[in-house]
Q: 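Here it is, the structure, as structure tokens.
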Amino acid sequence: MQPEHIIVHQQAATHVAHIQLNRPQALNALNLQLMTELKTALQTLDADEQVRVIIISGNEKAFAAGADITQMAGKSAIDMYNIDQFSTWDTIKKTKKPLIAAVSGFALGGGCELAMICDMIVASETARFGQPEIKIGVMPGAGGTQRLTRAVGKALAMEMVLTGRFITATEALQAGLINRIAPVELYLEEAVKLASEIAAMSPLAAKMAKEAVLKAFDSSLEEGLHFERKNFYLLFASEDQQEGMQAFIEKRAPAFKGR
Ligand code: DAK
């Protein structure tokens with residue numbers, strides 16, 4: 001069945017796939033159907049050998065203004081537990097390929113959390129990041145208190161989570177939340193450029209390097225270093241390692257295959 005709330009674009013030549021959230025009338029609010037479609041698309045693209053990097057975007061006005069409040073409003077704690085609609089988030093964070101969020105306009109609540117699950121964020125000048133859940137009587141539930149704090153530090157994270165204040169793209173860049181800013185008409189192009197640069201590397205090395213960087217968030221330095229070394233050694237079992245080093249010696253561009 002065709003998804004209704006997302007659009008998937010694939011560029012075979014660059015090995016970059018692009019998932020566009022597409023519920024513009026609700027500022028891409030993340031309802032159950034959209035999240036299910038996103039999960040399915042990510043699983044499919046993560047398993048597709050032709051795809052090496054995945055971009056997630058919204059539109060110019062909104063990346064996503066959060067979880068769908070109208071869908072959550074009448075729920076009890078037990079409803080939330082039973083429906084477990086948020087288990088989708090666990091699947092997203094298991095994506096092995098590099099994920100780039102291309103953010104323009106609002107990235108709020110679950111939208112900001114979705115951008116932060118991605119490995120890098122390219123923002124337009126109009127991007128606004130925020131965790132305004134406190135204003136509707138709750139708090140972040142999909143990583144906002146944890147990923148935001150790790151990215152921007154306690155002072156700014158505490159302020160954003162406790163007051164709901166949105167920060168601008170410039171503030172987000174200064175705080176270390178995002179990678180780069182582009183004019184609104186160019187932010188997607190900028191995201192594709194970054195994705196294409198990564199897609200030209202060995203896809204196996206990219207996946208293992210991503211895994212090792214993420215390990216830094218939930219392990220001691222010693223465990224992280226051990227994990228990194230194992231992945232480093234493992235890459236010597238790949239054709240891409242031989243190709244990469246041989247190409248360097250022969251002074252030519254490598255042709256990586258992901259094997
Ligand atoms: N949900 C549903 N509809 C939304 C929405 C949302 N989050 N955000 C915007 N909309 C809808 C509006 O209701 C409006 O619909 P109509 O009235 O036209 O039918 C339409 O989008 C346009 O919005 P506005 O008219 O409000 O547009 P403005 O430009 O005036 O304002 C705004 C834009 C983004 C400042 C405002 O819409 C706003 O404050 N939106 C709510 C932002 C928010 O509070 N987000 C946090 C939601 S809570 C978890 C996973 C995820 C979460 C929790 C747990 N687990 C894994 C456990 C996430 C929770 C959340 O995100």
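All residue numbers in this chain count up from 1 along the given sequence. One-based numbering, in listed order, for ligands and for the atoms of each.
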Q: Provide the number and element of each atom of ligand 1 under 4.0 Å from a heavy atom of Pro132.
A: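 Listed by number with element: 43 (C), 44 (O), 45 (N).
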Q: Between Gln10 and Gln50, is any side-chain donor less than 3.5 angstrom from a side-chain acceptor?
A: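 There is no such pair (donor and acceptor under 3.5 Å, judged by atom type) between the side chains of Gln10 and Gln50.
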Q: Tell me whether Leu45 shares a hydrophobic cluster with Leu114, the cluster being built from Ile, Leu, Val, Met, Phe, Trp, Tyr side chains joined at under 4.5 Å.
A: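 Leu45 clusters together with Leu114.
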Q: Is it the side chain (CB and beyond), the backbone, both or neither of Arg23 that lies under 4.0 Å from ligand 1, heavy atoms counted?
A: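 Contact part for Arg23 vs ligand 1: neither.
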Q: Closer than 4.0 Å to some heavy atom of Gly110 - which atoms of ligand 1 meet that?
A: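 This gives 58 (C), 60 (C), 61 (O) as the contact atoms.
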Q: Using a 4.0 Å cut-off to any heavy atom of Lys61, which atoms of ligand 1 qualify?
A: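 Those atoms are 29 (O).
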Q: With side chain to side chain contact (heavy atoms under 4.5 Å, CB included) as the test, pick out the partner of Asp119 among Val53, Ile198, Thr95, Leu214.
A: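 That would be Leu214.
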Q: Quick test of your reading of the structure: of Ala29, Ala142, Pro140, whose heavy atom lies closest to atom 3 (N) of ligand 1?
A: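 Comparing heavy atoms across Ala29, Ala142, Pro140, the nearest one to atom 3 (N) of ligand 1 lies in Ala29.
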Q: Using a 4.0 Å heavy-atom cut-off, say whether Ile136 meets ligand 1 through its side chain, its backbone, both or neither.
A: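 Ile136 to ligand 1: side-chain contact only, backbone stays beyond 4.0 Å.
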Q: Kindly determine whether Met120 and Arg180 satisfy side-chain contact (heavy atoms from CB on, under 4.5 Å), including the steps that lead there.
A: CA-CA 9 Å; Met120 276 169 285; Arg180 43 183 94 167; over 6 Å; no
Q: For atom 33 (C) of ligand 1, tell me which residue out of Phe106, Trp89, Phe166 has the closest non-hydrogen atom.
A: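 Ranked by closest heavy atom to atom 33 (C) of ligand 1, first place is Phe106.
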Q: Go through ligand 1 atom by atom and flag the ones less than 4.0 Å from a non-hydrogen atom of Gln25.
A: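 Under 4.0 Å from Gln25, ligand 1 has these atoms: 20 (C), 21 (O).
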Q: Can a non-hydrogen atom of Gln131 be found less than 4.0 Å from any atom of ligand 1?
A: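 The answer is no: ligand 1 sits nowhere under 4.0 Å from a heavy atom of Gln131.
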Q: What residues, two or more places apart in sequence or in another chain, satisfy side chain to side chain contact (heavy atoms under 4.5 Å, CB included) together with Ile167?
A: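 Listed in chain order: Phe129, Leu156, Met160, Arg165, Glu171, Ala172, Leu177.
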Q: Who are the salt bridge (charged side-chain N to carboxylate O under 4.0 Å, His left out) partners of Glu243, not counting sequence neighbours?
A: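 Only Arg252 meet the salt bridge (charged side-chain N to carboxylate O under 4.0 Å, His left out) criterion with Glu243.
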Q: For atom 43 (C) of ligand 1, which candidate among Gly109, Gly105, Ala65, Ala73 holds the nearest heavy atom?
A: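 Checking each option, the heavy atom nearest atom 43 (C) of ligand 1 is found in Ala65.
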Q: Between Gln71 and Asn31, is there a donor-acceptor pair closer than 3.5 Å when you use the side chain of the first and the backbone of the second?
A: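 Judged by distance alone, no pair lies under 3.5 Å.
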